[in-house]
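Some notes on the structure that comes next.
Counting starts at 1 for both ligands and their atoms, in listed order. Positions are given from 1 along the sequence.
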Amino acid sequence: MIVVKTKEEIELMREAALVVSKTLGEVAKAVKPGVTSLELDKIAEECIRDQGAIPGFLGLYDFPNTLCMSPNSQVVHGIPNNTPLVEGDIISIDCGAIKNEFYGDHAYTFEIGEVAPETKKLLQVTKESLYVGIKEFKLGNRVGDVGYAIQKYCENHGYGVVRELVGHGLGRKMHEDPEMPNYGKRGRGKKFIEGMVVAIEPMINLGTQRIKQHRDGWTITTLDNKPSAHFEHDVAIVDGKPELLSTFAYVYEALGIESDEEEEFRQKAFVI
Ligand code: MG
Ligand code: MG
């Protein structure tokens, strides 16, 4: 069952999403060679609590930490540990928080120092595919339209689109209906309606789309051990159009990256 949100609830959800956006920004300041994912996890937990919010992942389905930290060939759901990050790594950092009784859920894949050009390209294309998918999240479209757009964009670059893990509706629960796969067929699946809020999160592999689960019951890696990228935004349908609730602005500020991707996204007229 899809739980639609009122405009007032969407504003409350924006606050939850922004808690996560700011937290990723704080984490971004500390992401460098030598830091461990457990140290970053501590920064995130403090930052969330300082904002009067609650870590959304901690204890959810018994997950042990605040952040899912998935380096290199790990796709998602990696558990923070004491291994220092090294130059050339990438790491997907996925963060959730509860504020106003709503969840925010938002992820960015970071580069540690200089990374291989083909990995850099994977990150760029995966992030672009996020916006390509979000554009299709509008009144009159269906779940398959978002998945189709992401899949086509990434497969055109020769990448593997993970099938087993998907985006999702978001609200008072972390995972609500509908599931939002990053693959699909145009015009198929549930129809989008005003007030829907979803987390769209392409998980894209440099090589094969196939994955394996580790014995810890959480960590997912690519079957060929090639790198995997992951970016996630929270998006609502407001006045028929997709509206970003989360922002990478804090991450970009921390990293000194000039980016107008979100502004560009907002300014483009989305004809319904
Ligand atoms: Mg997430
Ligand atoms: Mg999610």
From [X] [atom1] over to [Y] [atom2], what is the distance, rounded to the nearest 0.5 angstrom?
X	Y	atom1	atom2	result
Gln209	Cys154	CD	SG	12.0 Å
Thr23	His106	OG1	NE2	9.5 Å
Thr83	Leu38	OG1	CG	9.0 Å

For Phe248 and Tyr108, take the angle between the two ring planes, folded into 0 to 90°, and tell me which bin it lands in: parallel under 30, tilted 30 to 60, perpendicular over 60. perpendicular
Have Glu176 and His168 got a donor and an acceptor in their side chains that come within less than 3.5 Å? no
What atom name does the N, O or S atom of Asp105 nearest to the Mg ion (ligand 2) carry? OD2
Nearest to the Mg ion (ligand 2), which N, O or S atom of His168 do we find?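 Closest N, O or S atom of His168 to the Mg ion (ligand 2): NE2.
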Taking backbone and side chain together, does Glu201 place any N/O/S atom at a distance below 2.8 Å from the Mg ion (ligand 1)?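 It does not; every qualifying atom lies at 2.8 Å or beyond.
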For the Mg ion (ligand 2), decide whether His175 has an N, O or S atom at a distance under 2.8 Å.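 Looking at His175, which is the residue asked about, there is no N, O or S atom under 2.8 Å from the Mg ion (ligand 2).
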Below 2.8 Å, can you find an N, O or S atom of Glu232 next to the Mg ion (ligand 2)? yes
Atom nearest to the Mg ion (ligand 1) - Asp94, N, O or S atoms considered: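 Within Asp94, restricted to N, O or S, the Mg ion (ligand 1) is closest to atom OD1.
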